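All remarks here apply to the structure that follows.
Everything numeric in this text was worked out from a predicted model, so none of it was measured.
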Amino acid sequence: MIVGLIIACEVAFWVLLAAGLAFRYVFRKPRTGLALLLCEPLLEIVLLAVTATDLRNGAEPDWRHGLAAVYIGFTVGLGHSTIRWADARVAHRLAGGPPPAKPPRYGTARAVHEWKVAARWILASAVALALLQGAVWYVGDSGDTGSLRAWQQRMLWVIGINVVIAASYTLFPKRERERGADGNPVDSGAGAGSSSPR
């Protein structure tokens, strides 16, 4: 039941998103569109309530309860940015809005961008960790919480991977190659008598 509800919540998320953007930009009813988009958090509340009720009724905690916590965490951490991503593209195509900004490619700006992305994933994982820990405490010593602990370990891996990726752009920033008058990259180290860029 829980897995089916998670799938239903995911489908409903995209249906509400599409309907909200359609009312906002196609039917020119921004208030109705906003109201539909604001219904998105209700999906997570329903899933959380059903999962808690299932555990309260004596269900043995397993990977499905952990998956529900992870889904809620990732929706909290990534849902808003997903809505903004879709909104910018629909506004550009249907309402004459500016083209969506592309992420920076080089230097400090790229590092800052990567840390912002990492922060969203870390927030998602942290929320999932908190919900999983709440489920562990709720079950207590009366049930096997191994599957919930396994999900917590996975969330710690997600946090670690995102920190490593963002840190790599900080420690080893990607630099734009110099370009000549013709716009082609210039190899500053080539040619007789040239010195190393270092």
Quiz item: Is it true that atom CH2 of W121 has more than 12 heavy atoms of other residues, nucleotides or ligands lying nearer than 6.0 Å?
Solution: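 Not more than 12 within 6.0 Å, no.
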Quiz item: CZ of R93: more than 12 outside heavy atoms within 6.0 angstrom?
Solution: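 No, because the 6.0 Å sphere around CZ of R93 holds 12 heavy atoms or fewer from other groups.
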So how far is it from [X] [atom1] to [Y] [atom2], rounded to the nearest 0.5 Å?
X: L34; Y: C39; atom1: CG; atom2: SG; value: 9.5 Å
X: W151; Y: D62; atom1: CH2; atom2: CG; value: 11.0 Å
X: T32; Y: L37; atom1: OG1; atom2: CG; value: 11.0 Å
X: L43; Y: Y71; atom1: CG; atom2: OH; value: 6.5 Å
X: T82; Y: E40; atom1: OG1; atom2: CD; value: 9.5 Å

Would you name the heavy atoms of [X] and [Y] that are closest together and state the gap between them?
X: A118; Y: A166; result: CB-CB, 4.0 Å
X: V163; Y: W115; result: O-CH2, 4.0 Å
X: C9; Y: L47; result: SG-CB, 4.1 Å
X: A111; Y: Y169; result: CB-O, 3.7 Å
X: R84; Y: R120; result: NH2-NH1, 4.2 Å
X: V127; Y: G73; result: CG1-CA, 3.6 Å

Within one Ile-Leu-Val-Met-Phe-Trp-Tyr cluster: [X] and [Y], side-chain cutoff 4.5 Å:
X: F13; Y: L16; answer: yes
X: V46; Y: F74; answer: yes
X: L42; Y: V15; answer: no
X: L36; Y: W14; answer: yes
X: L5; Y: L132; answer: yes

Does the side chain of [X] reach to within under 4.5 Å of the side chain of [Y], using non-hydrogen atoms?
X: V70; Y: R154; value: no
X: V90; Y: R24; value: no
X: Y106; Y: K174; value: yes
X: T108; Y: P173; value: no
X: V3; Y: W63; value: yes
X: Q152; Y: Q133; value: yes

Exercise. Under the ring pair (Phe, Tyr, Trp, His ring centres under 6.0 Å) rule, collect the residues that match up with F27, sequence neighbours excluded.
Key: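 Checked F27 against ring pair (Phe, Tyr, Trp, His ring centres under 6.0 Å); matches are F23.
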Self-check item: Verdict with supporting geometry, I2 and L67, side-chain contact (heavy atoms from CB on, under 4.5 Å)
Solution: CA-CA 9 Å; I2 291 179; L67 180 61; over 6 Å; no
Exercise. For a side chain to side chain contact (heavy atoms under 4.5 Å, CB included) with S125, tell me which candidate from I159, I161, N162 qualifies.
Key: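 Of all the options given, the one that passes is I159.
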Practice problem: Please list all pairs passing the side chain to side chain donor-acceptor pair (under 3.5 Å) test where one or both residues lie in residues 41-58, with sequence neighbours left out. | Solution: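 Listed once each, the pairs are D54-H65.
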Quiz item: Is it true that the side chains of Q153 and W157 contain a donor and an acceptor less than 3.5 Å apart?
Solution: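 Side chains of Q153 and W157: no pair found under 3.5 Å.
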Quiz prompt | Listed partners of L156 passing side-chain contact (heavy atoms from CB on, under 4.5 Å), at least two apart | solution =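 Here the qualifying residues are L129.
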